[in-house]
**Student:** 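Dropping the structure in here first, questions after.
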Amino acid sequence: MHNIRFIRKNSELFIKKIKTRNVDLDYKIISNLDEINRKLITDKENLERDKKEISKKKDKTLFEKSKEISIEIENLTKKQSEIQNELNKILSNLPNLPHEDVPIGKDENSNKVVNTVGSIRNFDFKVKSHFELGEKLNMLDFDLATKTTGSRFVFIKNQLAMLERAISNFMIDLHTKHNGYVEVSPPLIASSDSMYGTGQLPKFENDQFELKLDDSNERKFLIPTAEVILTNMVKNQMLSINDLPIRLVASTPCFRKEAGSYGKDTKGMIRQHQFHKVELVSIVTPEKCLEELERMTNCASMVLDKLKLPYRKIILSTGDMGFSAEKTYDLEVWLPSENKYREISSCSSCGTFQSNRMKTRYKGKSNEILNPGTLNGSGLAVGRTLIAIMENYQNSDGSIEIPEVLKPYMNNLDKISVN
RNA sequence: GGAGAGAUGGCUGAGCGGUUGAAAGCACCGGUCUUGAAAACCGGCAAAGGGGCAACUCUUUCCUGGGUUCGAAUCCCAGUCUCUCCGCCA
């Protein structure tokens, strides 16, 4: 959530920047609420001081007066917290401000390609989509998932299931052994304040799968990405500067409700309610954010390099970035059947936006209290990597070659073909 | 599911109705000493919010929410979480 004092002091900059995020902001409402709020706080505090003094004097003749003050304080407190809530509600629904070097634009059409890597293979036969390949192999079964669960789920079977596991293991090994991330196997369920901390709540409640655990009023959600649970590991915490940077990696299933509602990518496993993703999270000192974002994006693209999959790196425009991000790179992998690049990773710096919400702080060199920067990125989406491998490594007979680096993870299997 | 114990500053841990924002220790920061470091000694050190250009000042906060009281970390009620023992269980 944005700091109201920052907004007050930099109102022009704030208004200008928030506009680039497709937000229709009425600044007057905010400044009005802020002013009323502060007035109420001052009034309340004055009364509290009076009351305190009476209590210190222990003068019985003033006790009656003190009681009266208490009632007044109660009234003011109630009013003040109502105003505060109203203000917070507005503020907590405002997205992060974009970094200066983010292209300004309405939507994905303003995204900019940074670079393109790898060469697109020339097929001398008609390429099949991953779902055609998978169903022919009898290793992807969408109908079965519909029977047991519903639409937008899939069964992956046999060697393709092993390939999915191999992809995940390969990526985790790369990030832990080579890139300095610490592996975590986290809970897949997050509390509502964790969801608030990373920015899924309150605005994107409808995209989440909510669970009913018990009779308590506490709300729990299936994680839409491991970012939520990994980043919130430092929630409500005072870190030491010596703890930073923290780099974490986890391979988890992710659950998203929104996937079904768009009516796009209805075929195949591009957009599912449940998918595996290897997630990278970094907690760093705020001035290191952009540097860390480059590093993280390199860690993600390294996976594509090693898998020899053609891809491009793009920088998202202000209109296409996620709620909590200040700067985002997407990696898009080439999908032959669609004849275009599709998102396979998204790496974002969130600056201090999330640490503010999570109340994560650290003590700097001379004990000053600061918010750390948080970053998250997919390294990579496992399901989509599986798709990319199937399509880019397919043969004319419908078999699929195993990328060299994955063979050790596949019992040295060379090729997946019909049994 | 049954029976107990607990929740206090970055950490450990005292306090159990009135100068307690909170003893003590550790950690951290500054200094003295030292060729340098360690040790020792001296000093500093909670956060959030309001007002002020600032020095500074005020308010709140001892798990959360209610209650008692002129006054609550301290008493009462409800809730949450943690720990120990028993039962059950992957």
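Order of the sequence lines sets the chain letters (A, B, ...), proteins ahead of strands, with each chain counted from 1.
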**Student:** Quickly work out the Lys44(A) NZ to rG51(B) P distance and round it to whole Å.
**Tutor:** 13 Å
**Student:** For Tyr196(A), does the six-membered ring have the charged nitrogen or CZ of Arg357(A) within the cation-pi criterion, i.e. under 6.0 angstrom from the centroid and within 45° of the normal?
**Tutor:** yes
**Student:** What string of B, S and - do you get for nucleotides 64-69 of chain B, 5' to 3', if B is base contact, S is sugar-phosphate-only contact and - is no contact with any protein heavy atom under 4.0 Å?
**Tutor:** ------
**Student:** Under the side chain to side chain donor-acceptor pair (under 3.5 Å) rule, collect the residues that match up with Glu338(A), sequence neighbours excluded.
**Tutor:** Arg342(A)
**Student:** Expressed in angstrom and rounded to an integer, what is the separation of Lys9(A) atom NZ from rG50(B) atom C1'?
**Tutor:** 12 Å
**Student:** How many whole angstroms separate atom CZ of Arg361(A) from atom P of rG9(B)?
**Tutor:** 12 Å
**Student:** For Glu35(A) and rG50(B), what is the distance between atoms CD and P respectively, to the nearest whole Å?
**Tutor:** 13 Å
**Student:** Side chains of Met390(A) and Leu140(A): does their closest heavy-atom pair fall under 4.5 Å?
**Tutor:** yes
**Student:** Which stems does RNA chain B form, counting runs of 3 or more consecutive Watson-Crick or G-U wobble pairs with both distances under 3.5 Å?
**Tutor:** B:1-7 with B:80-86, B:10-12 with B:24-26, B:28-32 with B:40-44, B:46-51 with B:56-61, B:63-67 with B:75-79
**Student:** Heavy atoms under 4.0 Å is the rule here; annotate nucleotides 24-29 of chain B 5' to 3' with B where the base is hit, S where only the sugar-phosphate is, and - elsewhere.
**Tutor:** ----BS
**Student:** For residues Lys106(A) and Asn22(A), report the shortest heavy-atom separation together with the two atoms involved.
**Tutor:** O-ND2, 2.9 Å
**Student:** What are the atom names and distances for every N/O pair under 3.5 Å that joins the protein to nucleotides 16-19 of chain B?
**Tutor:**
{"from": "rG18(B)", "atom 1": "N2", "to": "Ser55(A)", "atom 2": "O", "distance (Å)": "3.2"}

**Student:** When you measure from every atom of RNA chain B, which of residues 229-242 of chain A have a heavy atom less than 4.0 Å away?
**Tutor:** Met238(A)
**Student:** Between rC16(B) and rA23(B), how far is it from one P atom to the other, in whole Å?
**Tutor:** 14 Å
**Student:** In whole Å, measure the gap between the C1' atoms of rU61(B) and rA22(B) for me.
**Tutor:** 12 Å
**Student:** Determine whether more than 12 heavy atoms belonging to other residues, nucleotides or ligands lie under 6.0 Å from atom CD of Glu82(A).
**Tutor:** yes
**Student:** Among Arg384(A), Glu391(A), Gln394(A), Lys267(A), exactly one meets side-chain hydrogen bond (donor to acceptor under 3.5 Å, both in side chains) together with His130(A). Which residue is that?
**Tutor:** Glu391(A)
